[in-house]
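Just so you know, ligand 1 is whichever comes first in the structure, and atom 1 is the first atom listed for that ligand.
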Amino acid sequence: MEKEYSKEDAIEEAKRCLNCANPQCVKGCPLSNNIPKFIQCIKNEDFDNAYNELLKTTILSEICSRVCPMEKQCMAHCVRGIKGEAININKLEEFVARYMIDDNRYAEFMKNIQESATKKDIKVAIIGTGPSSIACAYELAKIGYVVTMFEKESFFGGILAYGIPEYRLPKKVVRIVQSKLENLGIKIQFNQEYGKDVTEGMLLNDGYKAIYLGIGLQSSSMLNVEGKDLENVYSGNDFLYFVNSVNNGVNSKIDLNDIKDKNVVVVGGGNVAIDCAISAKKLGAKTSTLVYRRTENELLMEKSERELAEELNVEFNYLSLPVKFIGNKKVEKIECVKMCLGEVDSTGRRTPIVADGTNYIMEADYVIVCVGSKIDSETMLKNSKIDYDDYTIKVNEDGQTNIPYIFAGGDTSLTSNKTVAMAAKTGVIAAIGIDKYLSK
Ligand code: SF4
């Protein structure tokens, strides 16, 4: 993130907002935050009401303002951006959230919300503590439900904690969100994996009336090539988990110091791939090379991430596909083949085609494969009667599955545009759906 705003910077920037009667920025916000209103409060130096305004629609201000691609969401719609620079909405939102943290006053706001809720003696279980689960838990607590979250790890935040590197999202910020939920009276149980330590049957026996599944896509896909089981070949999700371990208060399963001065090859073209490539460089890798089967035009990563990667000398090897990982116990090299692009496919991108006879070898002490992930059907949904496939849990417009008391959201409901705010939106939809179901 760029340099944070001081109070004076924030007021100056807020003064540029036109307080539009028909604010386009709100249309670009997945959570429909009342952007002009919170900005006007900043302009008037009324930071309490700026925060209150944001809390009406989100508890994730400190997260979204750091990791959401606002230049593609709210800021892309700001009318100030037509002829000049859009209002810097993310930095203003980050300022308000940080102001309340520095002042140690966010707990007070949570207490007020808790006290104004009409208490319902109805228990709801939330599985996972990622963004959609956080949003769902918050909305339900606001309207008086007794909410308990069940987290598989020993730390809070799901993908926010183990999937986003510290340089993009400091873990202390994630822990603030945990503290806010606890201040709302939400209980969080750790080391509770759904399908193993806590099951649908156990929750029903315990008197829970609805269950929300924010289980994400936790099973990493791997390239099916020779040598994929060699040492030092990891999935992107596992690698980011290791990189984030220390900051999450757990030991890394690999010696991250070993990456220093090594050649790291990252396979993929999305945000996970670029996070891995940058993290490898930050760990002191001699080279960090991203191997992608299409061209830079088809990369699915944020512009700011790409710029940081270039600054750190991450190399981009386009139109290449690994066909073999070579080594004796540990990976040492990878064999790639060059690709060319054919017709446009169903994703709107040109299909990569192997160019025969173009094989070449790259040095690789570590290979990190970022080619997507799927639902963990082995544990989480084993024996479940829920309707799902590899990537999605089928839900209706209320976020309700085929089992009426089970709702789902987050990555298993999003096929594209997987931002924190979009995931949170699915949690909000499910919370409204749960309330509708339980109010019948
Ligand atoms: Fe302010 Fe831009 Fe939103 Fe208008 S569109 S209210 S100028 S942030």
Practice item. Decide whether Y5 and E12 meet the rule of one side-chain donor and one side-chain acceptor closer than 3.5 Å. Key: no
Review point. Is there a donor in the side chain of T351 and an acceptor in the side chain of E343, or the other way round, less than 3.5 Å apart?
Key: no
Exercise for review: Hey, can you tell me if Y99 and F95 have their rings parallel, tilted or perpendicular (30° and 60° cut-offs)?
Suggested key: tilted
**Study point:** Proximal protein heteroatoms (N, O or S) of atom 3 (Fe) of ligand 1, under 2.8 Å
**Key:** C25 SG
Check your understanding: Counting heavy atoms not belonging to K338, are there more than 12 under 6.0 Å from its NZ?
Key -> yes
Practice item. For residues F316 and Y292, establish whether the separation of their ring centroids is below 6.0 Å. Key: no
Review point. Do P36 and V26 have side chains that get closer than 4.5 Å, going by heavy atoms?
Key: yes
